[in-house]
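Only this structure's heavy atoms are used, side chains among them; waters, hydrogens and symmetry mates stay out. First the proteins, then the strands, lettered A, B, ... as listed; each starts at 1.
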Amino acid sequence: MKYNIPRGTFDILPQTSYKWQFVMDSFRKIAASFGYKEITTPIFESADLFERSSGESSDVVQKEMYRFTDRKGREFALRPEGTAPVVRSYVENHLDVLSSRTKLFYIGPMFRYDRPQAGRFRQFYQYGIEAIGSNNPYYDAEVIALEMLWLNSLGLQNIRLELNSVGCPTCSAAYDEALRDFYRPQLPQLCPDCQKRFEQKPRRLLDCKVASCKALRQGAPSQLDYLDQPCAEHFAQVQAHLQAMNIPFTLNPGIVRGLDYYSHTAFEFIYEGLGAQNSLAGGGRYNGLIEQIGGKSIPAIGFAGGFERLLLALENEHIDFATCPKPQVYLICLGETARTAILPYLNSLRLWGIAIDFDPDKSSLKAQFKTADTVGARYALIVGDSEIEAKQLNLKDLQSGMQITLPLDNGQALQQFIAQNK
RNA sequence: GUGGGUGUAGUUCAAUGGCAGAGCACCGGAUUGUGGUUCCGGGCGUUGUGGGUUCGACUCCCAUCACCCACCCCA
């Protein structure tokens, strides 16, 4: 029987795993430098957690969740997103009593049953930031700055930050009504999808790609005109902070988050050149979520980004961001006696932290040298029966061709030589 | 869930309905003690799978599966 990997999933193979490690490590560093600490939650949770937080009508809940029932009949789901589990953990573990604000980040796989395409998978890897405990617009700007500065530092310069405010539940509802009032007369001319949007999420009408719907959009009311005083003030402050930080942004009243729990600030990081899925990261404020999940009324803001899309973007820009690790030394053995006698020395070298490779199935000198070249080793360590007898080793620099003789000690001489000739 | 495209060697790709091939990679060899270049040698692959048409199918038809791309939506 031959098996296939499940649809929409992928193996991270050794020829690319170092790139994944690099971007994950890099994200951990930037998050730490902004004062965020890592949290890891299970990859499955009560299905109810996602249904309640994301919203029953959201696509994620309606058609994209991997749900299953366990042996005792409990309903679980593979997590489709990272914020609800983090908030669940925050509430469950009373993280709020430790500090007035809690700065968290996470890295891990998410799952959505979707048709795969460029930059979209059924199991995909996200990084996320959550700043919980404050409604200060500074934090909106801080999490945005973290992402923008990080992407820039990786070498991605042409990133577009699109910013919007979806208001609080009160002014958000007022805006939805205004939109319906605007569209109601032309309802019959809208595309079938938009007819549904009219009922469920009127603001989705604004980014329909059908030409006829685009035309009908002329003169539609803007969310920004419907923000109440506190929401407008908050949004102005967010923009002021971003300007002070020199983070460029464009206002896009069409930014709508897919999950119900968002309020106030909403934003997306766009990179053109990924195919149809051009959003590298997205997020926003979710001041009502913690109370909804059973905690106190605590404000928070965060975002999540996709590693697959980030790697695609780096690839697309031909950015040489990480190099494949290579062994420093390749061991070349001649003769059966030497092959066994060298083993304690080989172990010592590895304990000294020297990356050393060896292929016992290669016998000829030529084949072993070739392998040393293909694995990219800097040095070849050559040992035969005569060297063992003389308690000596030959070390050849494969770049310069120079060869020296070292004592067959506990590995220290070689370790020192490599340290001095970096 | 809907639509379009593609399936041939490890890989990238060839092959009017008439004997399934090449580049790259990989392995071996050119006096088992000094590499990269060069030269020589090494390939029977269920042509994704199952049917059908035909004297004959990689090629045409049907079904199916997988992958890619797009819609919806999102990271």
Side-chain angles (χ1 to χ4, degrees), chain A residues 2-10 13 15 54 57-64 79-83 106-129 147 191-194 196-197 200-201 204 207-210 255-259 268-271 274-283 302-313 330 332-336 338-339 359 361-387 394-403:
Chain A
K2 206 174 169 185
Y3 293 100
N4 291 100
I5 194 168
R7 172 155 226 204
T9 67
F10 54 91
L13 298 171
Q15 39 294 27
S54 298
S57 70
S58 67
D59 276 25
V60 164
V61 169
Q62 282 204 328
K63 53 179 194 183
E64 294 174 6
R79 61 183 183 195
E81 61 103 18
T83 299
Y106 61 85
I107 286 176
M110 305 294 162
F111 305 83
R112 289 183 202 170
Y113 189 90
D114 226 354
R115 197 81 171 262
Q117 68 185 72
R120 192 171 67 192
F121 303 90
R122 289 186 172 176
Q123 174 171 343
F124 54 101
Y125 295 81
Q126 281 193 336
Y127 55 91
I129 286 280
E147 173 72 355
C191 71
D193 282 336
C194 279
K196 264 181 255 162
R197 294 181 177 118
Q200 296 185 339
K201 286 205 175 119
R204 284 256 180 253
D207 56 14
C208 180
K209 286 164 191 164
V210 176
I255 294 272
V256 185
R257 306 266 72 226
L259 309 177
E268 240 171 81
F269 288 84
I270 307 292
Y271 171 78
L274 293 180
Q277 312 304 323
N278 59 6
S279 175
L280 278 181
F303 72 87
F307 280 112
E308 295 82 6
R309 293 180 187 181
L310 174 61
L311 289 167
L312 275 175
Y330 187 85
I332 291 176
C333 269
L334 289 159
E336 287 308 311
R339 182 158 296 174
D359 182 353
D361 290 317
K362 298 251 166 44
S363 55
S364 79
L365 189 64
K366 185 181 186 82
Q368 294 190 77
F369 264 110
K370 274 194 172 177
T371 307
D373 288 326
T374 52
V375 301
R378 170 71 193 277
Y379 299 101
L381 184 65
I382 306 147
V383 55
D385 295 351
S386 54
E387 280 81 1
N394 295 316
L395 185 73
K396 182 168 185 175
D397 185 329
L398 292 172
Q399 284 171 20
S400 66
M402 299 283 282
Q403 187 165 311

Using the [atom1] atom on both, measure [N] against [M] and round to a whole Å.
{"N": "B:U53", "M": "B:C40", "atom1": "P", "value": "49 Å"}
{"N": "B:G48", "M": "B:G28", "atom1": "P", "value": "32 Å"}
{"N": "B:U8", "M": "B:G3", "atom1": "C1'", "value": "27 Å"}
{"N": "B:A63", "M": "B:C69", "atom1": "C1'", "value": "23 Å"}

[X] near the nucleic acid: base, sugar-phosphate alone, or nothing, with a heavy-atom cut-off under 4.0 Å?
{"X": "A:I332", "value": "nothing"}
{"X": "A:A372", "value": "nothing"}
{"X": "A:E147", "value": "nothing"}

Nucleotide forming a Watson-Crick or wobble pair with B:U38, both distances under 3.5 Å: B:A30
Once you apply the 3.5 Å cut-off to both distances, tell me the Watson-Crick or G-U wobble partner of B:A75, or none. none
Do A:F111 and A:T9 have side-chain heavy atoms sitting under 4.5 Å apart? no
Flag side-chain contact, heavy atom, 4.5 Å: A:R309 against A:R120: yes
Per-pair stack call A:F369 and B:G36, 5.5 Å, 30°: no
Distance-only donor-acceptor test (3.5 Å): side chain A:D373, base B:G36: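 A donor-acceptor contact between them is absent.
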Return yes if the base of B:U34 and the side-chain atoms of A:Q368 contain a donor-acceptor N/O pair under 3.5 Å, otherwise no. no
Please report, rounded to the nearest Å, how far the [atom2] atom of [N] is from the [atom1] atom of [X].
{"X": "A:E308", "N": "B:C74", "atom1": "CD", "atom2": "P", "answer": "17 Å"}
{"X": "A:I382", "N": "B:U34", "atom1": "CD1", "atom2": "C1'", "answer": "6 Å"}
{"X": "A:Y330", "N": "B:U34", "atom1": "OH", "atom2": "P", "answer": "17 Å"}

List the protein contact pattern of nucleotides 64-73 of chain B with one symbol per nucleotide (5' to 3'): B for base contact, S for sugar-phosphate-only contact, - for none; contact means a heavy-atom distance under 4.0 Å. ---S-SBBBB
Protein-proximity profile, nucleotides 25-32 of chain B, B/S/- by nucleotide at the 4.0 Å heavy-atom cutoff, equals --S--B--
Quick check for you: to the nearest 0.5 Å, what is the distance between A:I332 atom CD1 and A:K396 atom NZ?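 Here the interatomic distance stands at 8.5 Å.
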OH-CZ distance between A:Y125 and A:F10, expressed to the nearest 0.5 angstrom: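 If we round to the nearest 0.5 Å, A:Y125:OH and A:F10:CZ are 5.5 Å apart.
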